[in-house]
Amino acid sequence: MPWERGTLLKERYSLERQLGASGTRQTWAAQDQETGRTVTLKALYFGPGMSWQNLTLFEREAQTLQSLNHPRIPRYRDFFQLKELEGDYFCLIQDYIPGTSLAEQVHAGQRLNESQLEQAAREILEILDYLHAQAPPVIHRDVKPGNLIKGEDGHIYLVDFGSVQAEQTSGRTLTVVGTYGYMAPEQFGGRALPASDLYGLGSTLVFLATGTNPADLIEDGFRIRVPRSMNVSAWLQRWIHKLVEPDPGRRFKDAREALAALKGKGTLDGPLNLPSVRAGRLTAQSCDAWLSVEIATREPALEELFAFSTCTVLALVATFTTQATLRLPPEDGLFVLLFAALLSLGFWAVLGLTMAANLLPILCRTHIQLDREGFTLVHRMFDTVVHRRVGDLSALSGRQALGFGLAKLERDWIKAHIRHWLGKTAGTASMSGEPGTIR
(Lines give C-alpha, C1' and ligand atoms only; values in the text may rest on other atoms or scores of the structure.)
Protein backbone atom coordinates (compact mmCIF):
# COMPACT_ATOMS: atom_id res chain seq x y z
CA MET A 1 0.00 0.00 0.00
CA PRO A 2 1.68 3.24 -1.10
CA TRP A 3 0.30 5.29 1.81
CA GLU A 4 2.16 7.46 4.26
CA ARG A 5 1.46 9.97 6.99
CA GLY A 6 -0.54 12.90 5.62
CA THR A 7 -2.22 10.96 2.81
CA LEU A 8 -5.80 12.18 2.31
CA LEU A 9 -8.38 9.52 1.43
CA LYS A 10 -11.81 10.24 -0.01
CA GLU A 11 -10.89 13.93 0.37
CA ARG A 12 -11.82 13.55 4.01
CA TYR A 13 -9.61 11.20 6.06
CA SER A 14 -6.05 12.34 6.71
CA LEU A 15 -3.71 9.53 7.83
CA GLU A 16 -1.85 10.43 11.04
CA ARG A 17 -0.27 7.33 12.57
CA GLN A 18 0.00 3.71 11.48
CA LEU A 19 -1.34 1.41 14.16
CA GLY A 20 -0.59 -1.91 12.52
CA ALA A 21 0.01 -3.81 9.29
CA SER A 22 -0.40 -7.44 8.34
CA GLY A 23 -0.17 -8.75 4.80
CA THR A 24 -2.71 -6.91 2.70
CA ARG A 25 -4.16 -5.01 5.68
CA GLN A 26 -3.23 -1.73 7.30
CA THR A 27 -4.68 0.09 10.27
CA TRP A 28 -4.26 3.84 10.75
CA ALA A 29 -5.30 6.53 13.16
CA ALA A 30 -6.75 9.24 10.92
CA GLN A 31 -8.28 12.69 11.23
CA ASP A 32 -11.82 13.12 9.92
CA GLN A 33 -11.63 16.53 8.25
CA GLU A 34 -15.40 17.01 8.35
CA THR A 35 -15.96 16.31 12.05
CA GLY A 36 -12.49 16.89 13.51
CA ARG A 37 -12.77 13.48 15.16
CA THR A 38 -9.89 11.00 15.34
CA VAL A 39 -10.98 7.72 13.78
CA THR A 40 -9.53 4.31 13.08
CA LEU A 41 -9.16 3.48 9.38
CA LYS A 42 -8.76 -0.18 8.46
CA ALA A 43 -7.83 -0.85 4.86
CA LEU A 44 -7.77 -4.10 2.86
CA TYR A 45 -5.95 -4.28 -0.45
CA PHE A 46 -7.73 -6.49 -2.98
CA GLY A 47 -5.88 -7.09 -6.22
CA PRO A 48 -5.16 -9.86 -8.70
CA GLY A 49 -4.75 -13.28 -7.08
CA MET A 50 -6.23 -12.17 -3.75
CA SER A 51 -8.59 -14.48 -1.88
CA TRP A 52 -12.27 -13.61 -1.91
CA GLN A 53 -12.48 -14.98 1.62
CA ASN A 54 -10.45 -12.04 2.95
CA LEU A 55 -12.83 -9.58 1.32
CA THR A 56 -15.85 -11.50 2.62
CA LEU A 57 -14.55 -11.32 6.19
CA PHE A 58 -13.77 -7.63 5.83
CA GLU A 59 -17.23 -6.79 4.51
CA ARG A 60 -18.77 -8.92 7.23
CA GLU A 61 -16.89 -6.92 9.85
CA ALA A 62 -18.25 -3.67 8.43
CA GLN A 63 -21.81 -5.00 8.25
CA THR A 64 -21.63 -6.31 11.81
CA LEU A 65 -20.26 -3.08 13.27
CA GLN A 66 -22.93 -1.11 11.45
CA SER A 67 -25.61 -3.10 13.28
CA LEU A 68 -24.08 -2.74 16.76
CA ASN A 69 -24.53 0.01 19.31
CA HIS A 70 -22.60 -0.54 22.52
CA PRO A 71 -20.54 2.05 24.42
CA ARG A 72 -17.48 -0.22 24.57
CA ILE A 73 -17.49 -1.39 20.95
CA PRO A 74 -16.00 1.03 18.38
CA ARG A 75 -18.86 2.66 16.51
CA TYR A 76 -19.11 2.19 12.72
CA ARG A 77 -18.69 5.47 10.79
CA ASP A 78 -18.08 4.73 7.11
CA PHE A 79 -17.16 2.11 4.51
CA PHE A 80 -15.90 2.86 1.01
CA GLN A 81 -13.87 1.50 -1.90
CA LEU A 82 -10.92 3.17 -3.60
CA LYS A 83 -9.90 2.11 -7.11
CA GLU A 84 -6.20 2.41 -7.89
CA LEU A 85 -4.01 1.14 -10.75
CA GLU A 86 -2.58 -1.68 -8.65
CA GLY A 87 -5.99 -2.80 -7.38
CA ASP A 88 -8.86 -1.89 -5.11
CA TYR A 89 -8.74 -0.73 -1.50
CA PHE A 90 -11.66 -1.31 0.84
CA CYS A 91 -11.69 1.00 3.86
CA LEU A 92 -13.62 0.74 7.12
CA ILE A 93 -13.91 3.79 9.37
CA GLN A 94 -14.79 3.41 13.04
CA ASP A 95 -14.31 5.31 16.29
CA TYR A 96 -10.77 5.49 17.60
CA ILE A 97 -10.31 4.14 21.14
CA PRO A 98 -7.36 5.84 22.89
CA GLY A 99 -5.58 3.51 25.28
CA THR A 100 -3.36 0.44 25.40
CA SER A 101 -4.20 -3.21 24.77
CA LEU A 102 -4.19 -5.67 27.65
CA ALA A 103 -1.45 -7.55 25.80
CA GLU A 104 0.77 -4.45 25.88
CA GLN A 105 0.16 -4.02 29.59
CA VAL A 106 1.18 -7.61 30.33
CA HIS A 107 4.28 -7.33 28.13
CA ALA A 108 5.18 -4.21 30.13
CA GLY A 109 5.24 -6.34 33.28
CA GLN A 110 1.75 -5.79 34.67
CA ARG A 111 -0.10 -8.73 36.25
CA LEU A 112 -3.67 -8.60 37.51
CA ASN A 113 -4.63 -9.70 41.00
CA GLU A 114 -7.92 -11.41 41.82
CA SER A 115 -10.08 -8.31 42.18
CA GLN A 116 -8.64 -6.83 38.97
CA LEU A 117 -9.23 -10.12 37.13
CA GLU A 118 -12.84 -10.22 38.27
CA GLN A 119 -13.40 -6.62 37.23
CA ALA A 120 -11.86 -7.26 33.80
CA ALA A 121 -13.94 -10.43 33.37
CA ARG A 122 -17.14 -8.58 34.24
CA GLU A 123 -16.49 -5.80 31.74
CA ILE A 124 -15.62 -8.21 28.95
CA LEU A 125 -18.62 -10.41 29.73
CA GLU A 126 -20.93 -7.39 29.62
CA ILE A 127 -19.76 -6.73 26.06
CA LEU A 128 -20.05 -10.39 25.07
CA ASP A 129 -23.50 -10.59 26.64
CA TYR A 130 -24.63 -7.77 24.36
CA LEU A 131 -23.19 -9.57 21.33
CA HIS A 132 -24.63 -12.97 22.26
CA ALA A 133 -28.07 -11.43 22.85
CA GLN A 134 -28.33 -10.26 19.23
CA ALA A 135 -30.61 -12.10 16.85
CA PRO A 136 -28.85 -14.06 15.55
CA PRO A 137 -26.03 -14.08 18.15
CA VAL A 138 -22.85 -12.26 17.17
CA ILE A 139 -19.75 -14.31 17.96
CA HIS A 140 -16.46 -12.45 17.99
CA ARG A 141 -14.29 -15.59 17.57
CA ASP A 142 -11.04 -13.82 18.45
CA VAL A 143 -11.29 -12.69 22.07
CA LYS A 144 -7.69 -12.17 23.20
CA PRO A 145 -5.60 -9.56 25.06
CA GLY A 146 -4.51 -7.86 21.83
CA ASN A 147 -8.15 -7.14 20.93
CA LEU A 148 -9.05 -5.74 24.35
CA ILE A 149 -8.17 -2.08 24.88
CA LYS A 150 -7.94 -0.46 28.31
CA GLY A 151 -9.27 2.96 27.47
CA GLU A 152 -8.18 6.25 28.98
CA ASP A 153 -11.46 6.20 30.92
CA GLY A 154 -10.37 2.99 32.68
CA HIS A 155 -12.87 0.73 30.91
CA ILE A 156 -12.14 -2.21 28.60
CA TYR A 157 -13.18 -2.08 24.94
CA LEU A 158 -13.49 -5.00 22.51
CA VAL A 159 -12.06 -4.24 19.07
CA ASP A 160 -11.17 -5.97 15.79
CA PHE A 161 -14.28 -7.74 14.55
CA GLY A 162 -12.41 -9.15 11.56
CA SER A 163 -13.16 -12.71 12.66
CA VAL A 164 -16.78 -12.17 13.57
CA GLN A 165 -19.13 -15.09 12.99
CA ALA A 166 -21.98 -14.85 10.50
CA GLU A 167 -24.28 -17.03 12.54
CA GLN A 168 -26.00 -19.83 10.67
CA THR A 169 -28.62 -22.32 11.79
CA SER A 170 -26.05 -25.10 11.86
CA GLY A 171 -23.51 -22.98 13.72
CA ARG A 172 -20.88 -23.92 11.13
CA THR A 173 -18.99 -21.75 8.66
CA LEU A 174 -16.46 -22.39 5.93
CA THR A 175 -13.91 -20.09 7.57
CA VAL A 176 -11.55 -21.10 10.36
CA VAL A 177 -10.24 -17.98 12.06
CA GLY A 178 -8.85 -17.14 15.47
CA THR A 179 -5.61 -17.24 17.43
CA TYR A 180 -4.09 -20.47 18.70
CA GLY A 181 -4.26 -20.60 22.48
CA TYR A 182 -7.35 -18.40 22.54
CA MET A 183 -9.37 -20.23 19.89
CA ALA A 184 -11.85 -22.81 21.15
CA PRO A 185 -11.33 -26.38 19.84
CA GLU A 186 -14.65 -26.42 17.96
CA GLN A 187 -13.51 -23.44 15.85
CA PHE A 188 -10.94 -25.68 14.16
CA GLY A 189 -13.89 -27.54 12.68
CA GLY A 190 -15.51 -24.34 11.47
CA ARG A 191 -18.05 -24.35 14.30
CA ALA A 192 -18.53 -21.35 16.58
CA LEU A 193 -20.94 -20.87 19.46
CA PRO A 194 -21.37 -18.15 22.09
CA ALA A 195 -19.44 -20.49 24.40
CA SER A 196 -16.51 -20.25 21.98
CA ASP A 197 -15.94 -16.63 23.02
CA LEU A 198 -15.84 -17.75 26.64
CA TYR A 199 -12.89 -20.02 25.88
CA GLY A 200 -11.00 -16.98 24.59
CA LEU A 201 -11.95 -15.04 27.72
CA GLY A 202 -10.67 -17.82 29.99
CA SER A 203 -7.36 -17.99 28.12
CA THR A 204 -7.10 -14.22 28.31
CA LEU A 205 -7.56 -14.22 32.10
CA VAL A 206 -4.82 -16.83 32.50
CA PHE A 207 -2.49 -14.63 30.45
CA LEU A 208 -3.40 -11.48 32.40
CA ALA A 209 -2.67 -13.20 35.73
CA THR A 210 0.51 -15.08 34.81
CA GLY A 211 1.99 -13.54 31.68
CA THR A 212 2.19 -17.05 30.19
CA ASN A 213 0.99 -17.60 26.62
CA PRO A 214 -1.97 -20.03 26.84
CA ALA A 215 -0.60 -21.82 23.77
CA ASP A 216 2.23 -23.04 26.03
CA LEU A 217 -0.29 -24.47 28.52
CA ILE A 218 -2.38 -26.56 26.12
CA GLU A 219 -2.44 -30.27 26.92
CA ASP A 220 -3.97 -33.19 25.05
CA GLY A 221 -7.51 -32.48 23.93
CA PHE A 222 -7.00 -28.69 23.91
CA ARG A 223 -7.32 -28.52 27.69
CA ILE A 224 -5.54 -25.46 29.07
CA ARG A 225 -3.64 -26.23 32.25
CA VAL A 226 -4.45 -23.32 34.53
CA PRO A 227 -1.17 -22.72 36.43
CA ARG A 228 -1.16 -23.18 40.18
CA SER A 229 0.95 -20.03 40.35
CA MET A 230 -2.18 -17.93 39.75
CA ASN A 231 -2.65 -16.03 43.01
CA VAL A 232 -6.45 -16.30 43.01
CA SER A 233 -9.03 -18.08 45.12
CA ALA A 234 -9.98 -21.68 44.45
CA TRP A 235 -13.46 -20.56 43.36
CA LEU A 236 -12.11 -18.21 40.67
CA GLN A 237 -9.75 -20.93 39.44
CA ARG A 238 -12.72 -23.28 39.08
CA TRP A 239 -14.69 -20.61 37.25
CA ILE A 240 -11.81 -20.08 34.79
CA HIS A 241 -11.44 -23.85 34.37
CA LYS A 242 -15.09 -23.97 33.32
CA LEU A 243 -14.48 -21.26 30.70
CA VAL A 244 -11.66 -23.21 29.04
CA GLU A 245 -13.26 -26.66 29.06
CA PRO A 246 -12.44 -28.30 25.67
CA ASP A 247 -16.02 -29.59 25.42
CA PRO A 248 -18.30 -26.58 24.78
CA GLY A 249 -21.13 -28.45 26.50
CA ARG A 250 -19.22 -28.23 29.78
CA ARG A 251 -18.63 -24.49 29.55
CA PHE A 252 -21.18 -21.84 30.38
CA LYS A 253 -23.56 -21.67 27.45
CA ASP A 254 -23.09 -17.92 26.92
CA ALA A 255 -21.76 -14.73 28.50
CA ARG A 256 -24.92 -14.10 30.52
CA GLU A 257 -24.67 -17.42 32.31
CA ALA A 258 -20.94 -16.92 32.98
CA LEU A 259 -21.56 -13.40 34.29
CA ALA A 260 -24.35 -14.56 36.60
CA ALA A 261 -22.06 -17.25 38.05
CA LEU A 262 -19.27 -14.72 38.56
CA LYS A 263 -21.55 -12.27 40.35
CA GLY A 264 -23.29 -14.91 42.43
CA LYS A 265 -20.18 -16.95 43.36
CA GLY A 266 -22.38 -20.01 43.38
CA THR A 267 -21.45 -23.68 43.28
CA LEU A 268 -19.92 -24.69 39.95
CA ASP A 269 -19.78 -28.44 40.54
CA GLY A 270 -21.51 -30.42 43.23
CA PRO A 271 -19.51 -31.84 46.15
CA LEU A 272 -18.28 -35.41 46.11
CA ASN A 273 -20.59 -38.06 47.50
CA LEU A 274 -18.99 -38.22 50.94
CA PRO A 275 -20.48 -37.31 54.33
CA SER A 276 -20.45 -33.69 55.42
CA VAL A 277 -18.55 -32.51 58.45
CA ARG A 278 -19.63 -29.29 60.20
CA ALA A 279 -21.80 -28.00 57.37
CA GLY A 280 -20.62 -24.64 56.11
CA ARG A 281 -16.98 -25.21 57.14
CA LEU A 282 -15.66 -27.91 54.81
CA THR A 283 -16.59 -28.00 51.12
CA ALA A 284 -15.08 -30.16 48.39
CA GLN A 285 -15.63 -29.69 44.67
CA SER A 286 -13.95 -31.45 41.79
CA CYS A 287 -13.69 -32.23 38.11
CA ASP A 288 -11.35 -34.48 36.16
CA ALA A 289 -8.57 -31.86 36.23
CA TRP A 290 -8.63 -30.71 39.86
CA LEU A 291 -9.96 -31.09 43.37
CA SER A 292 -10.68 -28.05 45.53
CA VAL A 293 -11.27 -28.11 49.28
CA GLU A 294 -12.37 -24.98 51.11
CA ILE A 295 -12.10 -24.70 54.89
CA ALA A 296 -14.20 -21.86 56.22
CA THR A 297 -13.58 -20.00 59.44
CA ARG A 298 -15.08 -21.40 62.63
CA GLU A 299 -16.59 -19.90 65.74
CA PRO A 300 -14.33 -19.70 68.82
CA ALA A 301 -14.89 -22.30 71.51
CA LEU A 302 -15.88 -21.26 75.05
CA GLU A 303 -12.50 -22.27 76.49
CA GLU A 304 -10.73 -20.19 73.81
CA LEU A 305 -12.77 -17.11 74.69
CA PHE A 306 -11.99 -17.68 78.36
CA ALA A 307 -8.26 -18.03 77.60
CA PHE A 308 -8.25 -14.83 75.49
CA SER A 309 -10.13 -12.91 78.17
CA THR A 310 -7.92 -14.13 81.03
CA CYS A 311 -4.66 -13.41 79.22
CA THR A 312 -5.90 -9.98 78.15
CA VAL A 313 -6.97 -9.01 81.70
CA LEU A 314 -3.70 -10.22 83.23
CA ALA A 315 -1.64 -8.43 80.58
CA LEU A 316 -3.56 -5.19 81.16
CA VAL A 317 -3.20 -5.50 84.96
CA ALA A 318 0.53 -6.04 84.60
CA THR A 319 0.78 -3.05 82.26
CA PHE A 320 -1.12 -0.77 84.65
CA THR A 321 1.06 -2.00 87.51
CA THR A 322 4.15 -1.12 85.52
CA GLN A 323 2.80 2.35 84.84
CA ALA A 324 1.97 2.82 88.55
CA THR A 325 5.49 1.91 89.63
CA LEU A 326 6.87 4.64 87.40
CA ARG A 327 5.44 7.17 89.88
CA LEU A 328 7.40 5.70 92.83
CA PRO A 329 10.77 7.15 93.88
CA PRO A 330 13.60 5.39 92.06
CA GLU A 331 15.08 4.00 95.31
CA ASP A 332 11.72 2.48 96.33
CA GLY A 333 10.30 1.37 92.99
CA LEU A 334 13.20 0.03 90.96
CA PHE A 335 12.73 -3.62 91.94
CA VAL A 336 8.95 -3.39 91.70
CA LEU A 337 9.26 -1.70 88.32
CA LEU A 338 11.51 -4.43 86.92
CA PHE A 339 9.27 -7.15 88.31
CA ALA A 340 6.12 -5.54 86.93
CA ALA A 341 7.71 -4.93 83.53
CA LEU A 342 8.84 -8.56 83.26
CA LEU A 343 5.43 -9.74 84.40
CA SER A 344 3.74 -7.51 81.84
CA LEU A 345 5.99 -8.72 79.03
CA GLY A 346 5.39 -12.31 80.07
CA PHE A 347 1.61 -11.98 80.03
CA TRP A 348 1.68 -10.17 76.67
CA ALA A 349 3.90 -12.92 75.25
CA VAL A 350 1.51 -15.60 76.49
CA LEU A 351 -1.41 -13.63 75.03
CA GLY A 352 0.37 -13.33 71.66
CA LEU A 353 1.17 -17.05 71.54
CA THR A 354 -2.36 -17.95 72.57
CA MET A 355 -3.84 -15.73 69.89
CA ALA A 356 -1.45 -17.05 67.22
CA ALA A 357 -2.31 -20.63 68.08
CA ASN A 358 -6.06 -20.17 68.31
CA LEU A 359 -7.08 -17.14 66.26
CA LEU A 360 -5.71 -18.40 62.93
CA PRO A 361 -8.37 -21.12 62.50
CA ILE A 362 -11.01 -18.62 63.63
CA LEU A 363 -10.02 -15.78 61.29
CA CYS A 364 -8.38 -17.66 58.39
CA ARG A 365 -10.08 -19.31 55.44
CA THR A 366 -8.07 -22.07 53.78
CA HIS A 367 -8.18 -23.22 50.15
CA ILE A 368 -6.48 -26.42 49.02
CA GLN A 369 -6.26 -26.95 45.26
CA LEU A 370 -4.96 -30.25 43.85
CA ASP A 371 -4.17 -31.17 40.28
CA ARG A 372 -1.99 -33.76 38.60
CA GLU A 373 1.17 -31.77 39.38
CA GLY A 374 0.67 -31.24 43.10
CA PHE A 375 -1.17 -28.92 45.42
CA THR A 376 -1.52 -25.26 46.34
CA LEU A 377 -2.56 -24.29 49.86
CA VAL A 378 -3.59 -20.70 50.59
CA HIS A 379 -4.56 -19.15 53.92
CA ARG A 380 -6.53 -15.90 53.70
CA MET A 381 -7.42 -13.51 56.49
CA PHE A 382 -9.96 -10.82 55.61
CA ASP A 383 -9.39 -11.61 51.89
CA THR A 384 -5.64 -11.05 52.26
CA VAL A 385 -3.22 -13.92 51.59
CA VAL A 386 -1.21 -14.50 54.80
CA HIS A 387 0.42 -17.77 53.79
CA ARG A 388 0.83 -19.64 50.51
CA ARG A 389 2.37 -23.04 50.01
CA VAL A 390 2.98 -25.12 46.88
CA GLY A 391 4.25 -28.69 46.84
CA ASP A 392 3.70 -32.26 45.78
CA LEU A 393 1.05 -34.51 47.26
CA SER A 394 3.43 -36.26 49.67
CA ALA A 395 3.75 -32.99 51.61
CA LEU A 396 0.05 -33.01 52.53
CA SER A 397 0.54 -34.77 55.85
CA GLY A 398 0.87 -33.79 59.49
CA ARG A 399 -1.47 -31.88 61.76
CA GLN A 400 -1.02 -28.44 60.17
CA ALA A 401 -0.43 -29.49 56.57
CA LEU A 402 -4.12 -29.37 55.63
CA GLY A 403 -5.07 -26.24 57.56
CA PHE A 404 -4.96 -24.52 60.93
CA GLY A 405 -6.83 -25.96 63.90
CA LEU A 406 -8.45 -28.92 62.16
CA ALA A 407 -9.98 -31.67 64.26
CA LYS A 408 -8.97 -35.24 63.48
CA LEU A 409 -12.40 -35.94 62.01
CA GLU A 410 -12.02 -32.95 59.67
CA ARG A 411 -8.53 -34.01 58.53
CA ASP A 412 -9.83 -37.51 57.86
CA TRP A 413 -12.74 -36.05 55.85
CA ILE A 414 -10.39 -34.01 53.66
CA LYS A 415 -8.06 -36.97 53.12
CA ALA A 416 -11.02 -39.14 52.17
CA HIS A 417 -11.93 -36.65 49.45
CA ILE A 418 -8.35 -36.62 48.20
CA ARG A 419 -8.29 -40.43 48.07
CA HIS A 420 -11.58 -40.47 46.23
CA TRP A 421 -10.37 -37.93 43.64
CA LEU A 422 -6.99 -39.61 43.13
CA GLY A 423 -8.64 -42.97 42.64
CA LYS A 424 -11.14 -41.54 40.18
CA THR A 425 -8.71 -39.50 38.09
CA ALA A 426 -5.36 -41.24 38.27
CA GLY A 427 -5.83 -44.61 39.87
CA THR A 428 -2.11 -44.72 40.59
CA ALA A 429 -1.74 -42.86 43.86
CA SER A 430 -2.57 -44.11 47.31
CA MET A 431 -2.15 -42.90 50.87
CA SER A 432 0.21 -45.58 52.03
CA GLY A 433 3.20 -43.30 52.51
CA GLU A 434 4.98 -43.99 49.22
CA PRO A 435 6.51 -41.05 47.29
CA GLY A 436 3.81 -38.81 45.88
CA THR A 437 1.12 -40.17 48.19
CA ILE A 438 -0.95 -38.86 51.08
CA ARG A 439 -0.74 -40.31 54.57
Side-chain angles (χ1 to χ4, degrees), residues 64 68-73 102 112 114-145 147-148 155-158 161 163-165 167-172 178 182-187 189 191-209 214 221-224 226 230 232-271 283 285-290 292 294:
T64 301
L68 300 178
N69 182 19
H70 189 278
R72 285 186 279 121
I73 295 175
L102 299 187
L112 300 191
E114 179 158 357
S115 62
Q116 292 170 328
L117 276 180
E118 286 196 21
Q119 180 61 30
R122 287 187 184 214
E123 292 203 9
I124 298 167
L125 283 171
E126 288 169 357
I127 303 172
L128 293 178
D129 180 35
Y130 169 78
L131 296 176
H132 296 167
Q134 301 301 303
V138 174
I139 305 169
H140 189 276
R141 293 202 296 178
D142 200 17
V143 177
K144 63 181 181 180
N147 289 337
L148 294 162
H155 292 293
I156 295 176
Y157 293 76
L158 180 61
F161 282 68
S163 301
V164 69
Q165 164 86 32
E167 178 71 15
Q168 300 177 5
T169 304
S170 66
R172 294 186 180 273
Y182 300 94
M183 182 166 59
E186 63 270 15
Q187 290 183 231
R191 181 169 178 250
L193 307 165
S196 304
D197 284 341
L198 301 183
Y199 187 95
L201 170 61
S203 301
T204 294
L205 296 177
V206 171
F207 179 71
L208 297 180
F222 283 94
R223 181 179 300 278
I224 290 181
V226 179
M230 287 183 67
V232 299
S233 66
W235 188 93
L236 187 58
Q237 278 205 11
R238 295 196 297 271
W239 185 80
I240 294 174
H241 264 293
K242 194 171 180 67
L243 294 180
V244 295
E245 279 284 352
D247 180 1
R250 300 186 65 178
R251 294 179 218 139
F252 300 105
K253 67 178 182 179
D254 55 24
R256 182 163 301 180
E257 185 175 279
L259 184 59
L262 181 62
K263 290 180 177 179
K265 297 292 180 67
T267 301
L268 300 178
D269 291 293
T283 305
Q285 295 177 319
S286 71
C287 66
D288 293 341
W290 48 260
S292 174
E294 182 170 347

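All values derive from a computational prediction rather than experimental measurement.
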For this session: Rounded to the nearest 0.5 Å, what's the gap from CE on M183 to OG on S203? Could you check?
Result: 11.0 Å

For this session: Specify the closest pair of heavy atoms between R250 and K242, including all atoms of both residues, with the distance to one decimal.
Result: O-NZ, 3.3 Å

Problem set entry | Passing option when D129 is tested against R256, K263, K253, R72 for salt bridge (charged side-chain N to carboxylate O under 4.0 Å, His left out) | R256

Exercise. With L128, which of L259, D254, L158, V138 fulfils side chain to side chain contact (heavy atoms under 4.5 Å, CB included)?
Worked result: L158

Problem set entry | Spacing of I124 atom CD1 and R122 atom CZ [to the nearest 0.5 Å] | 13.0 Å

Exercise. Which heavy atom in A192 sits nearest to a heavy atom in Q187, and how many Å separate them?
Worked result: CB-CG, 4.5 Å

For this session: Identify the heavy atoms of I73 and Y130 that sit nearest to each other, and give their distance.
Result: CD1-CD2, 4.1 Å

For this session: To the nearest 0.5 angstrom, please state how far the CD atom of Q116 sits from the CG atom of L208.
Result: 10.0 Å

Seminar exercise, completed: Distance col, row R238:CZ vs E294:CD, nearest 0.5 angstrom, shows 6.5 Å

Exercise. Is the shortest heavy-atom distance from the side chain of L205 to the side chain of W239 under 4.5 Å?
Worked result: yes

Seminar exercise, completed: Value for CG (L262) from CD (Q119), rounded to nearest 0.5 Å, stands at 9.5 Å

Problem set entry | From CA spacing to verdict: side chain to side chain contact (heavy atoms under 4.5 Å, CB included), I240, L201 | CA-CA 9 Å; I240 294 174; L201 170 61; over 6 Å; no

Problem set entry | Which atom of E186 lies closest to which atom of P246, heavy atoms considered | OE1-O, 4.1 Å

Problem set entry | Closest contact, heavy atoms only, L198 versus A255 | CD2-CA, 3.9 Å

Exercise. For I224 and P214, which heavy atoms make the closest approach, and how far apart are they?
Worked result: CD1-CB, 4.1 Å

Problem set entry | Distance, nearest 0.5 Å, that separates CG of L68 from CD1 of I127 | 11.5 Å

Problem set entry | Any donor-acceptor pair under 3.5 Å from R141 side chain to L193 backbone | no

Exercise. Going by the angle between their ring planes, with limits at 30° and 60°, are F207 and Y182 parallel, tilted or perpendicular?
Worked result: perpendicular

Exercise. Side-chain contact, heavy-atom cut-off 4.5 Å: V164 with D142?
Worked result: no

For this session: Please work out whether the ring planes of F161 and H140 are parallel, tilted or perpendicular, with thresholds of 30° and 60°.
Result: perpendicular

Problem set entry | Side-chain donor/acceptor of E123 to backbone N/O of H155, under 3.5 Å | no

